[in-house]
Undergrad: 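One structure is given below, represented as structure tokens, and several questions about it will come after.
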Amino acid sequence: MSGKRKNFDSENDDLKKMKTNGHWSNGLLSAMEDPELIVQSNSKLVVIQDKFPKAEFHYLIIPREDIHSLKAVDKSHLELLKYMHNIGERLTQEPRHQSRTFKMGYHAEASMTRLHLHVISDDMNSPCLKTKKHWNSFTTHFLLDSKEVCENLEKYGKIKLLSSEYCKKMMDTPLKCHKCDYIPKTMPDLKKHIMKHLK
DNA sequence: GTTCTAGAAC
DNA sequence: GTTCTAGAAC
């Protein structure tokens, strides 16, 4: 019984590994080829729905160019990043997003390979948003604003990255509602509270 | 990135 | 006893 269960699990793992090119951190590379996730695509980039959305609307804008992360971005990518920003802006203005507010930004330290721009509605209402890390990664300065990233690249020829210490500090920020001064005791408490801000 | 779960917190 | 967080995953 338990032996059979183990076999089943390892077969599942093998399937997952094939899809993720050997490691979970490559998951975006297969996600950007998944027709069920693709929202739009062209020769420069692919827009997908985040597989585990942290809000009611959560998209990823992923360049086709193999840029590993923000650390690999230099001035030669300025036009591409501006273009990604513009595509994001256009996306937020589509009819189904009417009366929604969005944030657009890059995680200072991303887990998944291939540069990706988060476009996320500010409701933060999603069953996939479960942990303090999830919360703080979108509600603190851990999320580097797309417009600011573009401006820094344009003005200084490089992006202001955050030290790993500062990233850790952002992740350890005590929970706080992003729309008012409410201080929740726990994540379930916070998730209940944010319902009050839904329209 | 997620899942799972031990043990901390309540 | 139950809820919740946080660290391992070979």
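Below, chains carry the letters A, B, ... as their sequence lines are ordered, and counting in each starts from 1.
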Undergrad: Report yes or no: does A:Asn152 contribute a side-chain atom to a donor-acceptor pair with the main-chain N or O of A:Lys155 at less than 3.5 Å?
TA: no

Undergrad: Taking only nitrogen or oxygen atoms into account, show me every contact under 3.5 Å that the protein makes with nucleotides 4-7 of chain C, one pair per line with its distance.
TA:
residue, atom, partner, partner atom, Å
C:dT5, OP1, A:Met187, N, 2.9

Undergrad: Please check this pair: side chain of A:His141 against backbone of A:Met170, looking for a donor-acceptor N/O pair closer than 3.5 Å.
TA: no

Undergrad: Just the atom pairs and distances: protein N or O near nucleotides 8-10 of chain C's N or O, under 3.5 Å.
TA:
none

Undergrad: For A:Ser121 and A:Phe57, indicate whether the former's side chain and the latter's backbone hold a donor-acceptor pair under 3.5 Å.
TA: yes

Undergrad: Does A:Ser137 reach the main-chain N or O of A:His134 with its side chain, forming a donor-acceptor pair under 3.5 Å?
TA: yes

Undergrad: Mind checking whether A:Phe138 and A:His58 have ring centres under 6.0 Å apart?
TA: yes

Undergrad: Is there a side-chain contact between A:Leu115 and A:Leu70, using heavy atoms and a 4.5 Å cut-off?
TA: yes

Undergrad: Any carboxylate oxygen within less than 4.0 angstrom of a Lys/Arg side-chain nitrogen, looking at A:Lys103 and A:Asp145?
TA: no

Undergrad: Hey, could you give me each pair passing salt bridge (charged side-chain N to carboxylate O under 4.0 Å, His left out) that has a residue in residues 61-74 of chain A? Not counting sequence neighbours.
TA: A:Asp66-A:Arg114

Undergrad: How is the base pairing of DNA chain B summarised as a dot-bracket string, given the Watson-Crick and G-U wobble criteria with both distances under 3.5 Å, [ ] for crossing and | for another strand?
TA: .|||||||||

Undergrad: Check the distance between C:dT3's P and A:Lys191's NZ and give it to me in whole angstrom.
TA: 17 Å

Undergrad: Begin from the C-alpha positions of A:Ser146 and A:His85 and carry the test side-chain hydrogen bond (donor to acceptor under 3.5 Å, both in side chains) through to its verdict.
TA: CA-CA 7 Å; A:Ser146 170; A:His85 183 88; 2.7 Å; yes

Undergrad: Name all pairs fulfilling the salt bridge (charged side-chain N to carboxylate O under 4.0 Å, His left out) condition that reach into residues 41-63 of chain A, sequence neighbours left out, sorted by first residue then second.
TA: A:Glu56-A:Arg100

Undergrad: Would you jot down, in residue-number order, the residues of residues 108-126 of chain A having a non-hydrogen atom under 4.0 Å from DNA chain C?
TA: none

Undergrad: Please state how far atom NZ in A:Lys133 lies from atom P in B:dT3, giving the value in whole angstrom units.
TA: 15 Å

Undergrad: Can you list the steps and then say if A:Thr113 with A:His68 is a side-chain hydrogen bond (donor to acceptor under 3.5 Å, both in side chains)?
TA: CA-CA 6 Å; A:Thr113 258; A:His68 186 267; 3.0 Å; yes

Undergrad: In terms of side-chain geometry, is the basic nitrogen of A:Lys82 or A:Glu154 positioned less than 4.0 Å from the acidic oxygen of its partner?
TA: yes

Undergrad: Are A:Tyr106 and A:His118 close enough that their ring centers fall under 6.0 Å?
TA: no

